[in-house]
Structures are given as structure tokens and as C-alpha cells.
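All remarks here apply to the structure that follows.
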Amino acid sequence: MCDTCGCNVTSGNEHLVRGHGKHAVTADGKLAVELLKNLLSENDHQAAHNRAHFDQHGVLAINLMSSPGAGKTALLEATIDVLKDEFRIGVIEGDLETENDAQRLRAKGVPAIQITTGSACHLDAHMVHDALHKLDLAPLDVLFIENVGNLVCPASFDLGHHYNVVLLSVTEGDDKPAKYPVMFRAADVMLITKTDLSPFIEEFDREQAKSNLRDLANRAPIYSISSKTGEGMQTWVDWLRERITTQRQRVAIGETARPRIQSDRAQSVEHGS
Amino acid sequence: MHELSICQGLIGQVERIALQHNARAVDKIVVHIGPLSGVEIPLLHQAYSLARAGTRAENAALVTEPQPIRVVCETCGAETTAKMNRLLCGICGEYRTRLVSGDEMILASVELNVDTSEMIQDVV
């Protein structure tokens with residue numbers, strides 16, 4: 001993938017690009033092959049396949065990432081409550097063990113596939129592809145992929161989704177974007193969650209959290225939300241509605257969207273926001 | 001943790017390249033790693049020592065070349081170096097910048113131990 005779109009080619013390495021790679025013989029008689037392939041090109045290839053699959057069925061795929069316990073599953077429950085009569089929703093859940101989260105979402109009346117990763121700290125495109133075999137995409141409008149709770153590893157793996165939503169709960173502290181820049185740089189939306197606890201957590205400064213995100217050159221919208229009280233849900237749900245609509249429009253004209261992080265240096269990638 | 005997954009991907013690619021060139025073994029693997037790739041270089045080396053066992057790259061040296069973080073400013077156009085959690089323009093301080101280097105995890109080149117006659121054929 002990256003051999004064709006050029007997204008790996010930077011001013012620092014473009015001198016290495018010689019058509020399809022340069023071969024040379026070193027002084028001690030070895031064959032040196034110059035490449036420029038992303039280390040995750042197999043994952044990226046599978047991700048592109050997944051994305052094509054989502055687009056084919058007109059499904060918007062959202063990757064939810066956060067630390068464990070930031071409220072991803074609670075956000076999904078609250079979101080399903082608001083949108084279940086309007087859109088057909090499906091969920092893929094990633095955890096190291098248990099079916100707990102999938103069961104919580106099935107109780108809301110939506111199909112939910114649980115991926116248990118064993119010891120793996122992230123989902124990858126192959127795991128999502130396997131889960132898709134158990135999920136009928138045809139009747140869905142939107143698929144949420146709840147990644148393994150982890151602010152490090154999931155950021156490096158494209159799953160074939162269209163947008164990254166990163167949650168930051170007020171109990172975690174406003175400096176999380178500064179501490180975990182790789183994750184927060186990837187956010188297409190940052191949700192500040194558990195705002196019902198704000199009166200008890202004076203230390204959390206929303207403006208500081210925003211400033212820390214902007215320091216990562218990330219201009220993503222930031223919404224404050226409480227899945228428990230419903231405060232702020234409307235803005236988040238409006239964002240989702242708009243993305244579902246634009247996904248349908250994109251699919252109709254044969255285009256796709258990729259998360260901000262993956263489209264950063266790609267040359268001709270449409271992006272919805 | 002995810003460095004092991006990444007290393008397995010790397011070894012898979014290198015094995016395929018070695019096979020394409022009928023190489024007996026892989027002698028050297030060069031990768032470019034930017035700080036914003038999410039890959040920690042020491043962890044990559046640790047994972048590599050596990051992932052390479054029993055493959056054509058079993059005795060290959062892994063060379064990691066760190067890449068600088070550089071951003072281009074959308075407002076003033078300057079290209080400057082930046083820090084991992086401060087990707088602002090170094091000249092005007094603007095946050096509307098585009099990363100041009102620093103998030104790479106790229107297999108840059110490999111050195112293969114091949115039969116000379118096959119090698120010449122391949123280069124031609």
C-alpha cells in the first residue's frame with residue numbers, strides 16, 4: 001500500500017526511493033536491496049481490505065480508544081440508547097479476556113462480537129477481519145470497534161476504520177495528551193468523559209486538556225460528555241449523524257475516508273472533517 | 001508490547017524478500033523509526049531477538065535509524081524540528097502544522113547473502 005500511495009516518503013528519505021527499489025552489491029559481496037515498506041504493511045493491506053468491505057456495505061466504522069476504564073462501553077450503551085431507532089448499530093469488542101462488554105451491548109439489542117486477544121495489547125486488522133466473518137454488515141449503518149483499553153499500542157494499528165475517537169475521562173488528568181502523544185495525535189475526535197464527576201475533580205482543567213491536544217498539532221473537535229447523565233450527548237451524537245450521512249455520500253461516489261493519522265502524509269486521501 | 005507484533009510483520013516481509021532473491025540468509029536489516037511511530041527502539045531490538053529465531057534472518061543484524069521529528073507550518077510555511085508532544089511551528093508557534101518526518105516505521109533496506117551468479121542475474 002505504502003509503495004503506491006507514497007505516504008511513507010518524506011523529505012528525509014525520498015533520496016532512497018528509486019522506482020521499485022534499488023539493488024546494489026556491497027563491498028563484501030552482499031546483495032543490498034533498498035525497500036521502503038511500512039513495517040506494518042501486512043496489517044495495512046488487511047486494513048484496506050476491511051475498509052473496502054465497510055464501504056461496500058455503506059457502513060461507517062469508528063475505532064474507540066482510551067485507557068482501561070475511561071468509559072468506552074458506557075459511552076456505547078448511552079449512544080445506542082439515543083440512536084437505536086435511527087440507525088442500525090453493530091459493535092466489535094476487544095478485551096484480553098471475558099465476554100462482559102459484548103454481553104452489556106447485546107443487552108441493548110445490538111449485535112456485538114467479542115474478540116478476546118489473550119495477551120495482545122491491541123486489536124489489529126486481521127483480528128477485526130476475523131470478527132467480521134461473524135457479523136452481518138449488510139443491515140448496519142455504523143460499526144463501533146471498541147479497542148483494547150490502552151493508550152499506547154492501539155494507536156499504531158489501522159483496522160480499516162474511518163475515524164478514531166479517543167476518550168479522556170476527567171479522573172485521568174488533563175495532561176494525558178502530553179503524556180501519550182502518539183495516541184492523542186491520532187484522535188479525529190477527543191471526548192472528555194465522566195463529566196458528572198467534574199465537581200469532585202477540581203484538578204481537571206478542560207482548557208489545559210485542549211491546549212495539550214493542540215500542542216500535538218491536532219485540531220480535532222473536543223466534546224465533554226457524561227454517559228451517565230446524558231450531558232453533552234447531543235453534540236457527540238450530532239457529530240456521529242453527520243459522519244454517517246457523509247459516509248453514505250462518499251460511498252455513493254466511490255470514495256472513502258481514513259483516520260487522520262493514516263492520511264497525514266498520503267497524497268490524495270479524502271477526509272471528511 | 002506491540003513491538004513483538006511489529007517485529008513479526010517485519011520478519012515476514014524480510015523472509016519473503018529473501019525468498020524472492022533466493023538468498024541463503026539475511027545479513028542485515030535496516031529500519032527507520034520515528035519517535036511518533038509508537039515503536040520504542042530498545043523494545044524493538046528485544047522483540048527482534050525473539051522473532052528472528054528459526055528464520056532466514058536468524059543471524060541478521062538489526063540496524064535502527066532514528067528519524068527526526070519535523071513539521072511544516074501551514075501559516076508561515078517554515079519547516080522546523082519539533083518535540084514529541086509539542087508539534088508546533090518552531091518559528092511562529094502555530095499549531096496548524098503537518099508532520100513531514102517522525103512517525104515512520106519503515107523497512108528501509110536488507111542485505112542478503114546470495115549466490116553471485118543469481119545475484120548478477122537479479123540486478124540485471
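Residue numbers begin at 1 in each chain, while the letters A, B, ... track the order of the sequences. Owing to the predicted nature of the structure, the values given are computational and were not obtained by experimental measurement.
For chain A, no part of B:Arg24 is nearby; none of its heavy atoms comes within less than 4.5 Å. Neither the backbone nor the side chain of B:Pro68 comes within contact range of chain A; no heavy atoms are under 4.5 Å apart. Contact of B:Val71 with chain A is not made at all, since no heavy-atom distance falls under 4.5 Å. With a threshold of 4.5 angstrom between heavy atoms, B:Asp27 approaches chain A through side-chain atoms but not through N, CA, C or O. Contacts between A:Asn218 and chain B at a heavy-atom distance below 4.5 Å involve the backbone alone (N, CA, C, O). Only the backbone of B:Ser37 comes within contact range of chain A, judged by heavy atoms closer than 4.5 Å.
Residues from residues 81-89 of chain B that place a non-hydrogen atom less than 4.5 Å from a non-hydrogen atom of chain A comprise B:Met84, B:Asn85, B:Arg86, B:Leu87, B:Leu88, given in numerical order.
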Quick one: do B:Ile106 and A:Leu39 satisfy side chain to side chain contact (heavy atoms under 4.5 Å, CB included)? Show the steps, please. CA-CA 5 Å; B:Ile106 294 173; A:Leu39 295 191; 5.9 Å; no
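For the residue pair A:Arg206 and A:Ser224, a side-chain donor N or O sits within less than 3.5 Å of a side-chain acceptor on the partner. With no hydrogens or angles considered, no side-chain donor-acceptor pair links B:Gln8 and B:Ser5 at under 3.5 Å. Counting only N and O atoms by type, the side chains of A:Ser41 and B:Gln13 include a donor and acceptor under 3.5 Å apart.
Distance check, rounded to the nearest 0.5 Å: CG of A:Asn100 to CD of A:Glu93 gives 10.0 Å.
Scored by the ring pair (Phe, Tyr, Trp, His ring centres under 6.0 Å) test, A:His53 finds A:His57 as partners (sequence neighbours excluded). Among residues two or more places apart in sequence or in another chain, the side chain to side chain contact (heavy atoms under 4.5 Å, CB included) test is passed with B:Thr75 by B:Cys73, B:Glu94.
Legend: side-chain hydrogen bond (donor to acceptor under 3.5 Å, both in side chains) pairs involving residues 49-65 of chain B, not counting sequence neighbours, sorted by first then second residue: B:His32-B:Glu65, B:His45-B:Thr64.
Under the 3.5 Å distance criterion, the side-chain polar atoms of A:Thr193 are matched with a main-chain donor or acceptor of A:Ala70.
Top candidate by heavy-atom pairs under 4.5 Å with chain A, chosen from B:Gly38, B:Ser109, B:Gly12, is B:Ser109. Counting heavy-atom pairs closer than 4.5 Å to chain B, the top-ranked of the candidates A:Lys179, A:Arg219, A:Glu42 is A:Arg219.
Under the side chain to side chain contact (heavy atoms under 4.5 Å, CB included) test applied with A:Pro221, the options A:Leu191, A:Val189, A:Asp188, A:Thr235 reduce to a single match, A:Val189.
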